[in-house]
Amino acid sequence: MADTRRAGARGSARYSALALLRHGVVSHAWPPVWRSHDLKRRYQVVIIGGGIHGLATAYYLARNHGITDVAVLDKGYLGGGGSGRNTAILRSNYLTPEGVRFYDRSLELYQGLAADLNFNVMFSRRGHLTLAHSDASLRTMRWRAEVNKVSGVDSEVIGPEEVKRLVPRMDVSDQARYPILGALYHPPGGIVRHDAVVWGYARAADHLGAHLHQDTEVTGIDVSAGRVTGVRTSRGDVATPLVINATAGWATLVADMAGVRLPVQTFPLQAAVTEPVKPFLRTVVVSGTLHVYVSQTARGELVFGASVDPFASYSTRGSLEFTEGLAGHVLQLMPSLTKLRLLRQWAGLCDMTPDFAPIMGHTDVDGFLVDVGWGTYGFKAGPVAGEAMAACVATGSAPEIISSFGLDRFARGQLVGEKGAAAVGH
Amino acid sequence: MILLPCPWCGPRDSDEFGYIGEIGARPDPRTTTPEEWRDYLYMRRNVAGWTTERWYHRMGCRRYLTVERNTISNQVRSATDAAVQVDEP
Ligand SMILES: Cc1cc2nc3c(=O)[nH]c(=O)nc-3n(C[C@H](O)[C@H](O)[C@H](O)COP(=O)(O)OP(=O)(O)OC[C@H]3O[C@@H](n4cnc5c(N)ncnc54)[C@H](O)[C@@H]3O)c2cc1C
Ligand SMILES: [Zn+2]
């Protein structure tokens, strides 16, 4: 039965080679790939936030559990939040066993995603390097490598010569300001085309029956006797017994509407991209000490990122401090990039948690679920989070794979401690 | 870039300051429960709009400041020395 639904998600005939050719020749405007609807007065499930998390949840609700009376509400456009602004690095070499297991399941889903959604998400496994510039970070790398291996994740500490072999442009000399002592090498890591993932999930969720509503802002959540009864939106009220908060940077504002408090602070994270050049950088390179990371897209642009801005904010304006710092740090790693020009820079909002781990599952308000705390690392988690949140809704309890990520862990003092693997390398 | 009007040093680039964050009421560690203490440690109001927060002028007067800032526009309304009592208006 799952298989017939899966075939449905592919919408196969519509995108067969023949159909594409015919369409190309006749050259009509392409039809929209997802529909628009009137907002119904009632849904079985309302998902707030049309980023990768909300859309993946809607998709797996339909595909794995047959739950299709679902609305995804977004105040802007689908993928207009962090999902359309991230640097799309995928990896599973985390520090805690619960983190490694979780992100590795996501990589597994990413691996088959293009076929599953019948949408080329351009997942490209290039290997992921986290550089160590000090004995302390080399020690953390060894620790991570051991935790990774125990969970069956390919991850190894390598020396500077090996780093040079993987990235010939890198300055691995001991003359550098922060010499490279080694690196954690994670061959399965890579990059993906973020917009394609969002559109692929949107199209597949729509195809299976979910209603995607853009330009629909949630302004209130009705709770009566400790239970969710509905949401208020800019397009009218909707009755529903089940609401999922998947609004990342805005998570606190939506949780406030239900009277649920979160240990989240919103920080902007910036990124930048250069003009395209010939391919020379295969691996993703991250330096925690230099607060910078870089990868080269299929188009040839270099994509740069850093740590979050120094103070909390809901503003998505870029800053000159960021570009200056970034350029200086990138050039320390690869001095030959000095003539490359930056094309653009941008910022997105990140919902940072105290332990750099997500917050998922039920809350004290019946029917109000959260899938938040995605900080700077949540894009890679989209598939597994969608799968787990869908299971949460269908079975009424959090599946084992997210059992460490509940909101109640903060009151119990049982934090996850993922900072060592998530602060700069997203 | 934003400028913070330090009461001792005048308007200075925010890069000179350390951001401490939201000001929360600290429970008395001798009488508080672990749950209350963790609530104080971890929970945040994460206000979108005007809020009052703590900054530290690490490259200037090295004083802790109370700053009123709008977290949507990053506009700053006031900065006063945290140790100097300001009368309520
Ligand atoms: C510059 C940058 C680089 C990053 N790099 C990486 C990376 O390399 N790898 C990685 O794994 N992660 C990365 N991330 C993090 C990642 O982008 C996010 O964690 C992830 O996209 C979160 O997805 P989401 O679906 O939860 O939220 P979002 O995509 O942010 O979607 C939330 C949606 O909620 C909507 N919304 C908010 N409030 C309301 C409301 N009241 N009513 C209706 N809708 C509302 C918003 O409009 C938005 O579309 C990066 C982030 C940034 C900013
Ligand atoms: Zn000062």
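Every chain is numbered from 1 and lettered A, B, ... according to where its sequence line falls, protein lines coming before strand lines.
For the residue pair Thr219(A) and Arg232(A), no side-chain donor N or O sits within less than 3.5 Å of a side-chain acceptor on the partner. Side chains of Glu217(A) and Thr233(A): a donor-acceptor N/O pair is absent below 3.5 angstrom, by distance only. Defined by atom type and a distance below 3.5 Å, a donor-acceptor pair is missing between the side-chain atoms of Glu68(B) and Thr52(B). Looking only at atom types and distance, the side chain of Trp37(B) has no donor-acceptor partner in the side chain of Glu35(B) under 3.5 Å away. A donor-acceptor pair shorter than 3.5 Å can be found between the side chains of Ser287(A) and His133(A).
With chain B as partner, the option from Pro354(A), Ala312(A), Ala251(A), Gly413(A) having the largest number of non-hydrogen pairs under 4.5 angstrom is Ala312(A). Top candidate by heavy-atom pairs under 4.5 Å with chain B, chosen from Thr353(A), Leu415(A), Asp256(A), is Leu415(A). The candidate from Asp351(A), Asp309(A), Thr316(A), Thr252(A) with the greatest count of non-hydrogen atom pairs under 4.5 Å with chain B is Thr252(A).
Heavy-atom distances place the side chain of Ser14(B), and not its backbone, under 4.5 Å from chain A. Using a 4.5 Å cut-off between heavy atoms, Arg45(B) contacts chain A through its backbone alone, with no side-chain atom that close. If you measure heavy-atom distances from Ile2(B) to chain A, the contacts under 4.5 Å come from the side chain alone. For chain B, no part of Leu320(A) is nearby; none of its heavy atoms comes within less than 4.5 Å. Contact annotation for Gln265(A): both backbone and side-chain heavy atoms come within less than 4.5 Å of a heavy atom of chain B.
Between the side chain of Asn70(B) and the backbone N or O of Ser73(B) there is at least one donor-acceptor pair closer than 3.5 Å.
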